[in-house]
Amino acid sequence: MSEDSEALGHSLWGGRFSAKPGAVMQAINASIDVDKRLAAQDIAGSRAHAAMLGATGIISAADETAIQRGLTAIEGEIAAGVFAFRVELEDIHMNIEARLTELIGPAAGRLHTARSRNDQVALDLRLWVREACDRTVARIATLQRALIAKADAHADDLMPGFTHLQSAQPVTFGHHLMAYVEMLGRDAGRFADARRRMNECPLGAAALAGTSFPIDRAMTAKTLGFDAPTANSLDSVSARDFALEALAAAAICATHLSRLAEEIVLWVTPQFGFIALSDAYTTGSSIMPQKRNPDAAELVRAKVGAILGALVSVTVVMKGLPLAYGKDMQDDKVPVFAAFDALELALAAMAGMVGDMTPNSSTMAAAAGVGYATATDLADWLVRRLGLPFREAHHITGAAVKQAESLGVELAGLPLDALQALNPGVTSDVYDVLTPRASAASRLSFGGTAPDQVRAQAQRWKDKLK
Ligand code: ARG
């Protein structure tokens with residue numbers, strides 16, 4: 001760092017100071033290594049602010065033109081990777097302003113009229129989180145499309161449906177995948193809700209109390225794509241609930257991804273053998289030559305740790321902070337960036353894995369018939385055909401399961417006389433409902449597992465995501 005730039009950084013707020021910050025002070029205070037990711041948002045905010053200052057006559061047209069020209073040059077330098085970020089200039093706001101001063105001279109000093117770094121950073125982070133929400137919603141849709149395509153192609157494939165991870169009732173693989181499409185649809189809805197609430201512009205709140213300059217907050221809000229300016233200047237600079245809400249949505253979404261990831265981890269084991277992943281999403285072991293490990297799924301499963309951690313981290317930073325701005329709030333950025341980086345990567349990896357997975361239909365179908373999975377179908381048959389109360393049918397079916405267990409067969413393997421011994425009304429067409437295929441096909445209730453239902457739900461989602 002040159003003596004010059006040090007003096008410059010200092011000069012942005014150093015009027016009443018006679019000594020430079022110490023090394024440790026600089027280390028704890030500087031945020032440029034992190035908030036340089038806000039450069040594009042900071043420049044967009046400055047452009048809008050300068051345009052407003054020009055339009056209201058607070059600064060001259062010539063100064064505004066010079067500022068816009070300087071900001072364009074800075075944008076170019078950052079894009080080209082030649083912008084020198086300086087730690088002694090603390091943060092992205094002062095780095096850009098200092099460079100603007102170097103480029104256009106004293107007119108740069110007019111940009112900060114009626115503005116503070118407090119409303120500036122509140123704006124930058126809002127813009128960043130808003131974009132992150134939009135990117136995430138797009139990535140969610142990509143994953144949903146991958147799931148829907150797989151579900152549609154495998155709407156007829158049987159698999160065991162589990163509760164307690166015990167065989168419960170046969171379901172279809174398509175139905176199982178479509179369950180995640182629903183979850184992800186709600187996740188996208190949560191991001192959209194958060195976006196709607198966050199879409200008010202804090203710029204113009206200045207340090208905390210507003211400004212005596214005749215600014216036009218509606219103009220900057222509109223320029224930056226907000227619905228309106230925020231209505232309380234204290235709240236504008238101290239609110240971070242927009243980030244908390246987005247992080248909460250991210251944590252819930254990551255929870256859903258971790259559940260699917262866990263299922264993939266189970267399904268690819270030789271013991272389950274329900275699906276295969278290609279080399280693209282698996283790795284080998286350096287000692288065990290037979291291994292094909294689902295690392296990508298395991299890492300997606302893990303991401304909820306960092307993402308939920310980010311929500312907890314920012315919540316605790318904000319808890320108990322008196323109004324208005326406190327420097328504590330500078331520490332919101334690391335977790336926010338980390339959480340969205342992790343979520344976007346997890347969504348991309350999951351979309352890739354879903355597209356990549358090959359279901360092993362015969363293994364899944366065989367597993368669907370194991371564990372007396374059609375017991376409910378037997379009980380339902382007794383109710384429907386013999387008019388028994390469900391509780392009595394449940395009891396008889398329990399006895400049938402017990403007998404099948406002792407004979408070492410599935411329910412469809414029980415001889416008719418064994419079933420008739422439990423209730424003389426049983427006829428041979430009971431066997432029609434005891435296969436997993438008949439069981440799944442019969443569940444045509446809205447949202448049920450029958451292939452026709454699955455195809456209908458897949459079509460509904462395809463239309464929705466168009
Ligand atoms: N780097 C700061 C942050 O991220 C910007 C706001 C600083 N404001 C101040 N008055 N020190 O929060």
Side-chain angles (χ1 to χ4, degrees), residues 5-6 8-17 19-22 24-46 48-49 74 78 83 85-100 109 111-132 198 201-211 224 230 233-244 246-247 310 313-340:
S5 63
E6 241 177 283
L8 187 57
H10 199 213
S11 74
L12 289 177
W13 48 252
R16 63 163 293 180
F17 287 77
K20 292 183 301 188
V24 174
M25 176 58 194
Q26 186 174 80
I28 195 170
N29 197 39
S31 57
I32 186 61
D33 286 345
V34 173
D35 61 27
K36 62 174 146 200
R37 284 185 71 173
L38 295 175
Q41 291 75 17
D42 200 70
I43 291 171
S46 288
H49 186 64
I74 291 171
I78 292 173
F83 187 93
F85 293 100
R86 297 173 187 158
V87 71
E88 68 276 16
L89 292 171
E90 274 184 48
D91 58 22
I92 187 64
H93 323 296
M94 298 213 296
N95 267 270
I96 288 177
E97 193 182 329
R99 181 65 183 140
L100 192 64
L111 172 60
H112 215 51
T113 314
R115 187 176 74 167
S116 152
R117 277 190 291 157
N118 297 349
D119 59 341
Q120 203 176 348
V121 74
L123 169 67
D124 292 2
L125 190 64
R126 241 181 238 242
L127 288 171
W128 194 94
V129 173
R130 190 176 76 178
E131 287 165 31
M198 87 176 68
C201 185
L203 187 62
L208 75 167
T211 175
L224 293 163
T230 49
S233 62
L234 293 168
D235 175 51
S236 307
V237 294
S238 48
R240 291 295 182 271
D241 53 287
F242 67 88
L244 292 179
L247 288 173
S313 171
V314 181
T315 303
V316 177
V317 165
M318 294 310 296
K319 181 208 162 290
L321 268 194
L323 301 188
Y325 177 83
K327 198 63 173 266
D328 314 48
M329 286 152 76
Q330 176 164 286
D331 275 357
D332 57 6
K333 287 168 208 68
V334 169
V336 166
F337 294 158
F340 278 95

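Just so you know, ligand 1 is whichever comes first in the structure, and atom 1 is the first atom listed for that ligand.
- Atom 12 (O) of ligand 1 has its closest protein heavy atom at Y325 OH, 2.4 Å.
- Which parts of ligand 1 touch H93 is read off a 4.0 Å heavy-atom cut-off, strictly below it: atoms 5 (C).
- Of the possible donor and acceptor atoms, one in the side chain of Q330 sits under 3.5 Å from a partner among the backbone N and O of N29.
- Annotation: atom 9 (C) of ligand 1 to nearest protein heavy atom, N118 OD1, 3.5 Å.
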Original post:
Can you list the steps and then say if N95 with K36 is a side-chain contact (heavy atoms from CB on, under 4.5 Å)?
Top reply: CA-CA 9 Å; N95 267 270; K36 62 174 146 200; over 6 Å; no
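- The contact set between ligand 1 and V121, taken as ligand atoms under 4.0 Å from a residue heavy atom, comprises 3 (C), 4 (O), 5 (C), 6 (C), 12 (O).
- Applying the 6.0 Å contact sphere to CD1 of I28 captures no more than 12 heavy atoms from other residues, nucleotides or ligands.
- Pairing each heavy atom of S313 with each of P335, the nearest pair is OG-CG, 3.6 Å.
- Looking only at heavy atoms of the protein, atom 11 (N) of ligand 1 is closest to R117 NH2, 3.5 Å.
- Heavy atoms of E90 stay at 4.0 angstrom or farther from ligand 1.
- The single protein non-hydrogen atom nearest to atom 5 (C) of ligand 1 is D91 OD2, 3.5 Å, given as residue, atom name and distance.
- Of the protein's heavy atoms, Q330 OE1, 3.2 Å lies nearest to atom 2 (C) of ligand 1.
- Close contacts of ligand 1 with S31, meaning ligand atoms under 4.0 Å from a residue heavy atom, involve 1 (N).
- A salt bridge is absent between E97 and R117; no separation between the charged side-chain nitrogens and carboxylate oxygens falls under 4.0 Å.
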Subject >> Stepwise side-chain contact (heavy atoms from CB on, under 4.5 Å) check, Q120 with H112 >> reply: CA-CA 10 Å; Q120 203 176 348; H112 215 51; 3.3 Å; yes
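- Around the NZ atom of K327, the shell of radius 6.0 Å holds more than 12 heavy atoms that belong to other residues, nucleotides or ligands.
- Ranking protein heavy atoms by distance to atom 4 (O) of ligand 1, first place goes to K333 NZ, 2.6 Å.
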